[in-house]
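Throughout, protein chains are lettered first and strands after them, A, B, ... in sequence-line order, and every chain is numbered starting at 1.
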Amino acid sequence: MSSIGTGYDLSVTTFSPDGRVFQIEYAAKAVDNSGTVVGIKCKDGIVLGVEKLITSKMMLPGSNRRIHAVHRHSGMAVAGLAADGRQIVARAKSEATNYESVYGEPIPVKELAERVASYVHLCTLYWWLRPFGSGVILGGYDRDGPQLYMVEPSGVSYRYFGAAIGKGRQAAKT
Amino acid sequence: MDVSTGDIDAPHSMGTTIIGVTYNGGVVLGADSRTSTGMYVANRASDKITKLTDNVYLCRSGSAADSQIVSDYVRYFLHQHTIQLGQPSTVKVAANLVRLLSYNNKNMLQTGLIIGGWDKYEGGKIYGIPLGGTILEQPFAIGGSGSSYLYGFFDQAWKEGMTQEEAEQLVVKAVSLAIARDGASGGVVRTVTINSEGVTRKFYPCDKLPLWHEELEPQNSLLDILSAGIPDPMVS
């Protein structure tokens with residue numbers, strides 16, 4: 001693992017001469033080296049799965065959950081730095097409840113994914129913040145049926161039939 | 001003769017009769033056209049049915065200024081919402097935005113509103129939002145000062161699953177009944193029909209409206225006499 005930034009990788013507000021922002025790429029590395037997370041969109045719903053990493057035999061089973069409910073109709077599975085992931089989930093929960101109190105309907109999954117992606121991207125714009133070291137697979141069921149989105153540390157968000165992030169993602173994709 | 005100018009300075013209020021009715025396939029909204037300042041009719045041909053989006057319209061009653069400002073805000077919010085969503089807003093969302101404004105500003109506003117529209121998920125829907133900011137989804141809603149005279153009428157005349165023709169006739173009949181009895185309602189009847197195919201506006205001037213008990217057909221009207229070209233109009 002030897003990607004050399006040579007001075008262009010010290011800040012998230014610095015571009016390299018070939019147009020890359022190294023800090024964001026390093027953040028993505030944090031996600032790539034973490035436990036695998038997969039998500040599949042089916043005809044009648046979404047399935048999310050995470051690889052259970054047991055760091056200590058003293059750990060109680062059921063602790064360190066990486067799949068979180070965001071709202072009555074949506075949930076999120078987190079890969080990468082766990083604490084960063086918790087922040088993203090908290091923000092998603094808050095966006096979902098805020099939307100419902102203003103518009104009177106559950107937040108459409110597309111809208112939720114866009115808001116989460118905007119928030120993650122926001123943290124790549126300022127030198128005093130660091131990018132989130134976690135990627136998220138967001139699944140939800142709204143009026144238009146089940147939908148699956150993935151949000152990366154760079155803030156991009158795409159809609160998928162099936163997605164995988166983390167160590168075993170290549171294996172999962174085959 | 002002492003001419004009182006108090007009326008001219010009074011705030012514009014729409015005495016009004018407004019109605020919203022669902023039918024099999026959409027909704028019909030109807031209203032009268034009188035805007036009064038005290039006893040003076042400031043506008044005898046107002047349009048009280050306002051567009052919020054292509055598929056959602058709003059009937060306004062009460063203070064003209066208050067209802068206009070609320071509809072302007074909601075139109076703005078819905079416009080942004082439509083852009084973000086990438087598809088037309090639902091009637092429920094529009095009604096909720098109106099309700100939040102009405103409720104949160106209840107101390108300052110005095111406006112009763114009826115939202116009606118069509119969306120692909122729920123079809124035709126009517127929401128009534130009276131003075132305090134309650135929101136109530138109803139198969140039909142009536143509002144404004146003229147609506148007092150229509151409660152019994154609708155109890156008897158309303159039925160579920162009407163056709164578009166039946167619903168429009170019902171609305172026109174009801175508004176004209178209210179106009180006959182309510183001094184603060186008058187002018188013409190306007191209707192807006194919203195369904196999956198789009199929006200249709202209709203206009204019913206006084207001569208197209210049914211006459212009710214003790215109302216007379218015009219007789220020996222000066223306009224008719226003059227237009228007949230009689231040289232001495234005062235001789236019958």
Side-chain angles (χ1 to χ4, degrees), chain A residues 41 43-46 70-74 76 88 91-123 125 136 138-152 155-161 163, chain B residues 52-56 58 70-106 113-130 132-138 141 196:
Chain A
K41 174 184 115 62
K43 215 168 19 184
D44 52 352
I46 304 281
V70 167
H71 203 50
R72 288 187 303 276
H73 65 317
S74 50
M76 215 176 235
I88 300 179
R91 180 74 185 206
K93 286 178 176 172
S94 146
E95 293 281 5
T97 44
N98 175 260
Y99 182 97
E100 181 149 2
S101 60
V102 171
Y103 295 104
E105 62 168 9
I107 185 169
V109 191
K110 170 173 182 268
E111 183 69 22
L112 179 62
E114 269 171 27
R115 291 188 182 202
V116 170
S118 291
Y119 179 63
V120 169
H121 175 244
L122 186 74
C123 301
L125 292 174
V136 147
L138 165 67
Y141 199 123
D142 63 21
R143 286 185 187 278
D144 298 316
Q147 289 159 70
L148 186 72
Y149 288 85
M150 181 163 86
V151 183
E152 296 168 19
V156 304
S157 149
Y158 289 116
R159 189 169 163 185
Y160 291 92
F161 294 112
Chain B
L52 294 180
T53 68
D54 287 340
N55 58 317
V56 179
L58 173 73
V70 167
S71 83
D72 286 348
Y73 269 114
V74 175
R75 192 180 307 119
Y76 168 66
F77 294 139
L78 281 176
H79 182 65
Q80 292 190 316
H81 188 242
T82 304
I83 292 172
Q84 281 184 302
L85 232 51
Q87 60 185 26
S89 302
T90 58
V91 190
K92 187 173 185 191
V93 164
N96 202 58
L97 288 170
V98 175
R99 175 274 286 237
L100 285 176
L101 280 171
S102 276
Y103 178 75
N104 289 325
N105 297 295
K106 63 160 78 194
L113 303 159
I114 297 179
I115 286 99
W118 184 94
D119 62 60
K120 69 178 191 224
Y121 300 109
E122 301 276 344
K125 284 285 178 197
I126 294 284
Y127 290 85
I129 301 177
T134 325
I135 181 171
L136 196 53
E137 199 255 298
Q138 301 164 297
S196 58

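Scanning residues 101-108 of chain A against chain B with a 4.5 Å non-hydrogen threshold yields A:Ser101, A:Val102, A:Tyr103, A:Gly104, A:Glu105, A:Pro108, sorted by number.
Taking both residues in full, the closest heavy atoms of B:Leu85 and A:Lys110 are given as O-NZ, 3.4 Å, listed atom of the first, atom of the second, then distance.
Taken from CD in B:Gln84 to CD in A:Glu111, the straight-line distance is 4.5 Å, to the nearest 0.5 Å.
If you measure heavy-atom distances from B:Thr90 to chain A, the contacts under 4.5 Å come from the side chain alone.
By the neighbour-count criterion of 12 heavy atoms within 6.0 Å, atom NZ of A:Lys41 is densely surrounded, having more than that number from other residues, nucleotides or ligands. For B:Tyr121, the OH atom sits in a packed shell: over 12 heavy atoms of surrounding residues, nucleotides or ligands are nearer than 6.0 Å.
Under the 4.5 Å side-chain criterion, counting only non-hydrogen atoms from C-beta, B:Glu122 is in contact with A:Arg143.
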